[in-house]
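Residue numbers run from 1 in the order of the sequence given. Values below: every heavy atom of this structure, side chains too, minus hydrogens, waters and symmetry copies.
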Amino acid sequence: MVEESGAGASSINSLIEKEVFIAEEKNVSRLYFEEEDLDANFELSEQQHGAFTSIQDQFKQKDVVLLHGITSSGKTQIYIRLIEEMMAQGRQVLYLLPEIALTTHIIERLRKYFGSSIGVYHSRFNDNERVEVWQKVLNNEYKVVLGARSAVFLPFADLGLIIVDEEHETSYKQFDPAPRYNARDAAVFLANMYKGKVLLGSATPSFESYYNARTNKYGFAEMTERYGGVQMPIIEVVSIAEETKKKTIQSHFTSVLMNDIGVALANKEQVILFQNRRGYAPVLLCKICAYTPKCINCDVSLTYHKHSGKLHCHYCGYKEDTPNICPACGSTHLEYRGFGTEKIEDELSLLLPETRIARMDLDTTRSRNALQNILNDLEEKRSIYWLVHKWLPRGLILRTLQ
């Protein structure tokens with residue numbers, strides 16, 4: 001307001017002294033929250049209602065229940081009903097997700113039901129924001145906390161339920177730095193401390209959780225149908241070797257993929273491509289002596305990143321300049337092998353010059369709001385072709401592509 005008015009501090013102070021303005025101190029939260037109309041009106045399907053009732057009944061006997069529901073079966077709606085039930089008892093709920101990217105999307109959905117009673121906690125917050133969340137949890141201002149694995153260390157006052165979504169994910173296990181722990185297992189122990197319950201949810205449960213459920217150590221509920229009668233997707237396996245022999249492959253893309261992309265774009269639809277490697281090329285190789293640069297700390301092949309022009313280690317963060325000649329034999333015959341998200345983005349821009357392309361990986365989402373901006377572009381169809389490294393909110397896929 002002061003900047004918009006163009007007035008200086010002395011002018012403001014004079015108006016305060018003349019009692020034209022009144023100055024008062026007010027605590028302003030560092031955490032983003034936009035007031036929304038709360039709406040909890042939705043009906044559980046017959047299958048969802050059966051699973052919900054089964055979970056409630058089993059919680060009377062078991063402290064941990066495994067919910068095995070196929071993709072898009074509507075597990076999140078069951079979570080919401082369980083959270084509502086726990087909040088009605090005045091107890092807190094911890095909702096764990098394996099990736100920070102997922103919290104960005106899910107929080108928007110949950111705030112429609114729980115408003116300012118829900119908070120978010122993960123490692124992307126700065127120290128001041130973490131302290132504020134910590135205090136709100138300690139003072140029982142947050143009834144629901146949505147967070148990544150580190151959220152298990154928050155000072156809950158009366159924790160009644162922990163939901164571990166995608167419980168099979170390896171991201172719940174922290175290998176480095178210390179403390180080294182598995183948030184899923186820590187959640188079971190934490191709930192026991194507060195005499196609370198744990199719900200493990202997954203479309204592909206881990207072996208240990210499934211074994212515990214089948215041996216009656218955990219409760220078990222199952223959903224085998226997709227919500228709303230949505231059909232399972234058609235999956236087609238295409239041989240790259242066969243396409244290479246027939247010379248029908250375009251760069252790294254098969255003719256089947258390019259044809260399907262063309263059909264989708266002609267119908268003004270969006271396309272999502274997943275690639276499990278980021279960077280431009282995962283290996284730099286000498287054609288003469290087969291030398292490959294490796295990390296001095298981890299002894300793994302360094303990945304070439306075009307935006308920085310350097311070789312990166314994705315484990316420890318070590319970087320070094322890209323050599324022009326082979327350090328082992330002095331040859332200049334160096335070539336890049338393989339492809340990552342950067343290279344795919346470059347090649348797609350050549351093959352589809354008029355298509356708007358967005359890339360989402362660790363390199364493009366380092367800033368605080370970058371991830372949310374990319375998700376908004378996808379939702380509002382400002383990006384037609386979407387290139388993703390690993391993760392994408394499953395609800396967002398369904399909402400934008402159907």
Rounded to the nearest 0.5 Å, what separation is found between the [atom1] atom of [X] and the [atom2] atom of [Y]?
X    : Y    : atom1 : atom2 : value
C326 : I288 : SG    : CD1   : 9.0 Å
Y79  : I55  : OH    : CD1   : 8.0 Å
L146 : Y95  : CG    : OH    : 7.0 Å
L44  : I80  : CG    : CD1   : 9.5 Å
E208 : L66  : CD    : CG    : 10.5 Å
S206 : R184 : OG    : CZ    : 4.0 Å

* Take D321 and K310 through the test side-chain contact (heavy atoms from CB on, under 4.5 Å) and record every step on the way to the result. => CA-CA 5 Å; D321 294 330; K310 294 180 179 291; 2.5 Å; yes
* Give me the ring orientation class for H312 and H307: parallel if the planes are under 30° apart, tilted from 30 to 60°, perpendicular past 60°. =>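 Aromatic pair H312/H307 classed tilted.
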* On the 0 to 90° scale, with breaks at 30° and 60°, tag the Y194-F156 ring pair as parallel, tilted or perpendicular. =>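 Taking F156 first and then Y194, their aromatic rings stand perpendicular (interplane angle over 60°).
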* I would like to know whether M87 and S117 meet side-chain contact (heavy atoms from CB on, under 4.5 Å); could you show each step before the answer? => CA-CA 10 Å; M87 289 178 65; S117 296; 3.9 Å; yes
Over 12 foreign heavy atoms within 6.0 Å of [atom1], [X]:
X    : atom1 : result
N259 : CG    : yes
Q89  : CD    : yes
L138 : CG    : yes
D127 : CG    : no
H49  : NE2   : no

Work out which heavy atom in [X] is nearest to a heavy atom in [Y]; give both atom names and the distance.
X    : Y    : answer
R149 : A183 : CB-CB, 3.4 Å
E99  : S171 : OE2-OG, 3.1 Å
A281 : T303 : O-CG2, 3.3 Å
W134 : L154 : CE3-CD2, 3.8 Å
G309 : T322 : O-OG1, 3.0 Å
L96  : A148 : CD2-O, 3.4 Å

Is there a donor-acceptor pair closer than 3.5 Å between any side-chain N or O of [X] and the backbone N or O of [Y]?
X    : Y    : result
S202 : E167 : no
Q56  : F59  : no
T53  : G50  : no
Q174 : P179 : yes
K62  : N216 : yes
T244 : I240 : yes
E342 : K306 : yes
Q92  : V145 : no
S251 : F253 : no
E129 : N126 : yes

Find out whether [X] and [Y] are in side-chain contact, i.e. whether some heavy atom of one side chain is under 4.5 Å from a heavy atom of the other.
X    : Y    : result
V238 : L257 : no
T71  : R226 : yes
F114 : K143 : no
V65  : K197 : no
F339 : E347 : no
E243 : V256 : yes
T355 : L348 : no
E320 : P293 : yes

* L334 and its side chain to side chain contact (heavy atoms under 4.5 Å, CB included) partner, picked from L285, L284, T292 ->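 Answer to the side chain to side chain contact (heavy atoms under 4.5 Å, CB included) test with L334 among L285, L284, T292: L284.
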* **Modelled atom types, side-chain donor and acceptor of Q47 and S73, under 3.5 Å** =>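 Judged by distance alone, the side chains do not pair up.
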* **Non-neighbouring partners of R337 that pass salt bridge (Lys or Arg N to Asp or Glu O under 4.0 Å), sequence neighbours left out** =>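 Residues passing salt bridge (Lys or Arg N to Asp or Glu O under 4.0 Å) with R337: E335.
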* Is a salt bridge present between R359 and E345, judged by a nitrogen-to-oxygen distance below 4.0 Å? ->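 Answer for the salt bridge query: yes.
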* To do: Using the side-chain contact (heavy atoms from CB on, under 4.5 Å) rule, take I162 and V152 through it: C-alpha gap first, then chi angles, then the decisive distance, then the call.
  => CA-CA 9 Å; I162 301 179; V152 297; over 6 Å; no
* **Result of checking F153, F175, Y172, F189 against Y181 for ring-ring contact (aromatic ring centres under 6.0 Å, His included)** =>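 Of the listed residues F153, F175, Y172, F189, the ring-ring contact (aromatic ring centres under 6.0 Å, His included) partner of Y181 is F153.
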* Asked: Hey, mind stepping through H252 and K343 against side-chain contact (heavy atoms from CB on, under 4.5 Å) and telling me if it holds?
  -> CA-CA 10 Å; H252 300 291; K343 190 173 185 181; 3.6 Å; yes
